[in-house]
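Taking it in order: structure first as structure tokens, then the write-up.
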There are 2 protein chains.
Amino acid sequence: MTDTNETRTRILAAAARVFAQKGYHETRVDDIVVESGSSKGSVYFHFPSKERIFLALIDTFTDLLETRLRESILSEEHGLQQIDAALQTSLKLFQQYRGLAKIVLVQAVGLGTAFEERRRQINTRFSAIIQARLEQAIKDGSIPAQQTDLAARAWVGALNEIVIHWIYTGETDLQETLPALRSFLLRSIGIVTE
Amino acid sequence: MTDTNETRTRILAAAARVFAQKGYHETRVDDIVVESGSSKGSVYFHFPSKERIFLALIDTFTDLLETRLRESILSEEHGLQQIDAALQTSLKLFQQYRGLAKIVLVQAVGLGTAFEERRRQINTRFSAIIQARLEQAIKDGSIPAQQTDLAARAWVGALNEIVIHWIYTGETDLQETLPALRSFLLRSIGIVTE
DNA sequence: AGGATTAAACCGACTGGTCAGTCTAGTAAG
DNA sequence: CTTACTAGACTGACCAGTCGGTTTAATCCT
């Protein structure tokens with residue numbers, strides 16, 4: 001018995017590459033078969049459908065991101081450092097998994113009713129994390145009172161767009177945008193650094 | 001001869017409704033046929049393909065938005081007022097054409113190679129408009145020096161996300177978010193209002 | 001006028017290619 | 001011999017686009 005889980009993982013990795021490059025609808029299950037060096041029977045032994053493969057990739061990545069985010073926030077005491085840590089963690093992860101990032105941020109959008117809901121939830125989930133932090137910051141007086149839900153969503157949108165642009169252009173290193181992005185985001189909620 | 005152009009317009013309007021609701025791939029050409037109350041022959045008389053109908057909708061809307069934006073910017077003298085006018089114009093247009101907004105901001109994303117390029121260009125186009133304004137503002141000393149390309153893209157991302165959220169939730173009136181959004185954006189580039 | 005002619009606009013049954021998912025026949029390991 | 005997995009040929013549904021035919025209306029001719 002060749003290790004089941006290894007084949008499964010190989011299929012997922014192959015799927016990630018193909019989905020990232022071609023998008024959901026232009027990806028043929030046979031593309032994944034070829035890319036993974038397995039067979040159709042094998043793919044359908046490990047996954048019930050093409051859709052589930054796609055969802056598995058999305059869930060894995062978003063769960064990982066959320067976990068890392070929460071960890072990095074917990075690892076810092078002060079609000080400002082928490083934000084720094086969270087931002088750094090996000091960029092690092094996007095940079096490390098560029099393919100998965102593209103799948104989650106680009107390829108999972110506009111897929112119609114089935115995926116629409118899920119996609120919204122993801123953004124809401126991350127907005128909520130940020131919003132909670134902002135509420136906290138207002139309460140302890142680090143930033144002025146403001147509409148935290150709007151600010152949180154705007155942050156998510158801004159970050160997404162920056163990452164997507166990096167995904168396409170691949171310009172240098174995503175981490176290098178951190179200082180400018182950091183200043184931008186902090187200013188946006190009323191923290192003037194220098 | 002029933003006015004040719006009227007049928008064409010009816011088909012486009014129907015397509016906008018269906019595409020907005022179902023997304024590109026889940027929309028059947030026959031859905032558009034039924035929704036428009038015409039026929040398949042008629043649809044293919046006016047348009048060469050499903051894809052072209054979709055692109056026609058996108059182009060119409062983005063061109064309109066760009067025109068309105070440039071007009072509103074030209075109508076104001078001072079940098080800050082220009083930004084206000086542009087923002088107000090955008091929100092107004094999104095609000096007015098919610099279906100088309102959804103098509104451009106959501107349904108046109110993640111459609112694979114054919115649309116990917118075009119979609120990027122649209123965001124770049126609007127980023128460029130904002131960036132030019134920011135460069136100007138730095139030059140005349142209204143805002144501190146900063147990475148305008150990043151700020152411009154972040155603005156586009158932030159605005160998109162806010163609008164998309166409104167598209168899904170339909171919460172009240174998009175225009176009502178203007179004050180908070182305005183403060184957020186202005187702060188982000190170093191303008192402290194109150 | 002009104003009849004004939006023509007072309008644009010419209011109609012919808014049909015087709016042909018595509019592809020997700022199935023199925024039968026395997027192989028390897030214990 | 002059984003369990004876990006792999007293989008890839010095959011099938012059936014689906015749907016964009018086609019095509020032969022009909023309607024509509026504008027123009028010309030007597």
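Reminder, nothing fancy here: chain letters follow the sequence lines and each chain counts from 1.
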Nearest-Å distance for atom pair NZ/P, residues Lys50(B) and dT18(D): 15 Å
Trp166(A) six-ring face occupied by Arg153(B) cation (under 6.0 Å, within 45°): no
Spacing between Ile53(B) atom CD1 and dA16(D) atom C1', to the nearest angstrom: 11 Å
Sugar-phosphate, base or nothing in reach of Ser36(B), heavy atoms under 4.0 Å: nothing
N/O (side chain, Thr7(A)) to phosphate O (OP1/OP2, dT6(D)) under 4.0 Å: yes
Whole-Å distance separating the CD1 atom of Ile32(A) from the C1' atom of dC19(C): 13 Å
Rounded distance (Å) that lies between atom C1' of dT22(C) and atom CZ of Phe45(A): 15 Å
Thr113(B)-Glu26(A) side chain donor-acceptor pair, cut-off 3.5 Å: yes
Contact under 4.0 Å: His46(B) side-chain N or O vs dC10(C) OP1/OP2: yes
Donor-acceptor side-chain pairing of Ser188(B) and Trp155(B) below 3.5 angstrom: yes
Distance below 4.0 Å between Ser39(A) side-chain N/O and dT6(D) OP1 or OP2: no
Side-chain donor/acceptor contact of Lys40(A) with base of dG21(C) under 3.5 Å: yes
Side chain of Ser42(A) - closest among dG21(C), dG17(D), dT6(D): dT6(D)
Separation of dG21(C) C1' from Asp31(A) CG (nearest whole Å): 15 Å
Residue closer to the 5' end of DNA chain D, Asp30(A) versus Gly37(A) (nearest nucleotide): Gly37(A)
Length of the OH-C1' vector between Tyr24(B) and dC15(D), whole Å: 12 Å
Side-chain donor-acceptor pair present, Gln95(B), Asp173(B), cut-off under 3.5 Å: yes
Presence of Arg28(B) side-chain N/O under 4.0 Å of dA16(D) phosphate oxygens OP1/OP2: yes
Minimum-distance nucleotide (side-chain atoms of Ser49(A) versus dA16(D), dA7(D), dG21(C)): dG21(C)
Euclidean distance, atom CD1 of residue Ile11(B) to atom C1' of dA9(C) [Å, nearest integer]: 11 Å
Cation-pi, Tyr24(B) ring and Lys50(B) (6.0 angstrom, 45 degrees): yes
Length of the CZ-P vector between Arg52(A) and dG21(C), whole Å: 11 Å
